[in-house]
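Structure record follows, encoded as structure tokens.
Throughout, protein chains are lettered first and strands after them, A, B, ... in sequence-line order, and every chain is numbered starting at 1.
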2 protein chains.
Amino acid sequence: MKIDPTKPADLSAQIAEAIRDGIVAGDLIVDERLPSEAELAEQFDVSRPTVREALKRLAAQSLIRTQRGAAGGAFVNRLSFEDAHEQQITTATLLLSMNAVSFETACEARFALERACAPLSALRRSADHLATMRAEIHRQSQPGLTDEAFCASDVAFHRALVDGAGNPVLSYQLAGAVEAMQPLMNMITFTARSRDRIIGLHARIADGLEARDAGLVEAALTELEAYTALLGRDRAAQSSGRVAR
Amino acid sequence: MKIDPTKPADLSAQIAEAIRDGIVAGDLIVDERLPSEAELAEQFDVSRPTVREALKRLAAQSLIRTQRGAAGGAFVNRLSFEDAHEQQITTATLLLSMNAVSFETACEARFALERACAPLSALRRSADHLATMRAEIHRQSQPGLTDEAFCASDVAFHRALVDGAGNPVLSYQLAGAVEAMQPLMNMITFTARSRDRIIGLHARIADGLEARDAGLVEAALTELEAYTALLGRDRAAQSSGRVAR
DNA sequence: GATTTTCATTTGTCAGACATTTAAATGTCT
DNA sequence: AGACATTTAAATGTCTGACAAATGAAAATC
């Protein structure tokens, strides 16, 4: 592990990269302890603050964790699905909010991904998944539910659908996409009629999964996509109509 | 923006979180300059190194960029698809390598996602995408190609398929998944016969896209999934047969 | 032997300083 | 006045040294 002090990049960035490469290449295995900050500083021939900046970069990506005290230090972190999920959501959320991705584009991606889960979920969903979905449908039909709570329940419903596929990689990828869209969905105001429509489609999805009929689920998802896109367009039209610019 | 010095979390982590929240909430907009490190140190009532550690955390997530010099400083970064893509790949790669995700699971997720792209890609693929895919197929049939080069071309082929869908969100999500699998794919040795089989399926995918027939593409992808899973099982069987453990 | 105390190690934080980069301000010449 | 060179100030990047706080292990004590 060597770094080039003449490179234009920051030393801390170079050091972080060197350590990251070591982790990816398997030179550093999970739960292995890195040398102490003082030792790393000596190895890379830099000061301790520089090493610390590098370690913080890695910590921000959940690649390492640090522990204070005698037997403390920096340890290679076992990246959990939860950690990755968190990162994915913040990244995807920012991406959607800053790149002005159109609602339609995000919507299309989301439902395309969900439809990809449908056959697997129809095959493997447990009774638990189904129960969760039914419970969320019931919550969604409660009167007096705020739009935000409705959205949150919507996310939980779709998350159960995705988890039903029994593939953690899919769950991680997809749940991230679904949750990242929530801020955009929250901007929609759901009328009683639109809620009824959505709940009805949710029920059809749950029915399809119960019958293990992927076709039904996909059809309902396609309808739901079209309806969601419509709601998005309505909101856009309203807000552009209300405010002058 | 306030932090609590009595909290168990590191000050730099708290500061990073405070700034991140500001970005997500829109208090800090893209390309806006943050206060200088010295000013931030005063605002949060901490030292400059602590502020710097916080900024490095944010830089590691591509949330900010820093510039040296007179008009320099830390600026809120417009998160690009490329940046997000990079992050996604490293995260997903580590996730696959450290969590011992089975080849089958990763494979299933990958092809489920690709099938989700098929209808959109059939509808929207440009002549360019098709040309890229044909070119990669041609490269794959060159004799003397190393396994690694074959894999790289395979990734390029599938990336063109995904990009053909014309949905940047899908491209970002999916290309990440495909590329993250490359290390696992690289562990497979491709015989001449298996290459022929794969190339044939690639050709069928390209044909399907050319004819804008999503069904053909999906069918070929399903076959390719089955075949890839088979190759993965073979490799597992061989390696477990060769080495004792 | 069990409990308490001490201690060494390590990360977390601070203060101050200097180096380097960079753009803007200033000065100078044509 | 305009073009070019120089200076300057502001900002990040880095270093040194120090102290605080946490923590596990060894030593001391009961």
Side-chain angles (χ1 to χ4, degrees), chain A residues 1-20 22-23 28 31-77, chain B residues 1-20 22-23 28 31-77:
Chain A
M1 279 197 199
K2 279 285 158 57
I3 56 173
D4 180 4
T6 70
K7 268 277 150 58
D10 297 352
L11 290 179
S12 67
Q14 289 185 55
I15 292 169
E17 200 180 344
I19 297 176
R20 177 168 34 237
I23 295 175
L28 299 162
D31 290 336
E32 183 172 339
R33 184 182 173 282
L34 292 161
S36 73
E37 293 174 355
E39 285 170 327
L40 285 173
E42 200 176 355
Q43 278 184 33
F44 287 111
D45 198 30
V46 297
S47 68
R48 197 161 77 98
T50 303
V51 167
R52 282 182 61 78
E53 287 177 10
L55 294 180
K56 294 312 165 202
R57 295 179 115 110
L58 299 174
Q61 297 174 295
S62 306
L63 286 177
I64 61 169
R65 62 178 186 278
T66 56
Q67 212 171 4
R68 293 174 72 168
F75 298 83
V76 178
N77 205 16
Chain B
M1 278 196 198
K2 280 286 159 58
I3 56 172
D4 180 3
T6 69
K7 269 276 151 57
D10 297 351
L11 291 178
S12 67
Q14 288 184 56
I15 293 169
E17 200 180 344
I19 297 176
R20 177 166 36 237
I23 295 176
L28 299 162
D31 290 336
E32 184 172 340
R33 183 181 172 282
L34 286 124
S36 73
E37 293 174 354
E39 287 169 327
L40 286 173
E42 199 176 355
Q43 279 184 34
F44 288 111
D45 198 30
V46 298
S47 68
R48 219 186 117 210
T50 303
V51 166
R52 281 183 62 78
E53 287 178 11
L55 294 180
K56 295 312 166 201
R57 295 178 114 110
L58 298 174
Q61 298 174 297
S62 304
L63 285 177
I64 62 169
R65 61 179 187 279
T66 57
Q67 212 170 4
R68 293 177 72 170
F75 298 84
V76 177
N77 204 16

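Annotation: proximity of residues 33-41 of chain B to DNA chain D (heavy atom, distance under 4.0 Å) is found for R33(B), S36(B), E37(B), numbered in ascending order. Only R68(B), G69(B), A70(B), A71(B), listed by number, bring a heavy atom of residues 62-71 of chain B to less than 4.0 angstrom from any atom of DNA chain C.
E53(B) has its CD atom 7 Å from the P atom of dT13(C), to the nearest Å. One can place CZ of R48(A) at 9 Å from C1' of dT13(C), the figure rounded to the nearest angstrom.
Atom CD1 of I19(A) is separated from atom CG of L40(A) by 5.5 Å, given to the nearest 0.5 angstrom. The line from OG1 of T50(A) to CD of Q14(A) is 11.0 Å long, rounded to the nearest 0.5 Å.
The 5' end of DNA chain D is approached more closely, in terms of each residue's nearest nucleotide, by A74(B) than by the other of A74(B) and S47(A).
R33(B) pairs by the side-chain contact (heavy atoms from CB on, under 4.5 Å) definition with S36(B), F75(B), not counting sequence neighbours. Residues satisfying the side-chain hydrogen bond (donor to acceptor under 3.5 Å, both in side chains) test with R65(A), not counting sequence neighbours, are D31(A), N77(A).
Chain A approaches DNA chain D over the interval dG13(D) to dG24(D), counting the first and last nucleotide 5' to 3' with an atom under 4.0 Å from its heavy atoms.
Helical stems involving DNA chain C, defined as 3 or more consecutive Watson-Crick or G-U pairs under 3.5 Å, span C:1-30 with D:1-30.
The heavy-atom pair separating L11(B) from V46(B) by the smallest distance is CD1-CG1, 3.9 Å.
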Please write out each protein N/O paired with an N/O of nucleotides 3-7 of chain C under 3.5 Å, distance rounded to 0.1 Å.
none

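A salt bridge (charged side-chain N to carboxylate O under 4.0 Å, His left out) check over residues 34-43 of chain A, counting only residues at least two apart or in different chains, returns the pairs E37(A)-R48(A), E37(A)-R52(A).
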Could you go through residues 54-64 of chain A and list every donor-acceptor pair under 3.5 Å that involves a side-chain atom there, pairing it with any protein atom two or more places apart or in another chain?
{"from": "R57(A)", "atom 1": "NH1", "to": "S12(A)", "atom 2": "OG", "distance (Å)": "2.7"}
{"from": "Q61(A)", "atom 1": "OE1", "to": "R20(A)", "atom 2": "NH1", "distance (Å)": "2.4"}
{"from": "S62(A)", "atom 1": "OG", "to": "Q87(A)", "atom 2": "OE1", "distance (Å)": "3.4"}

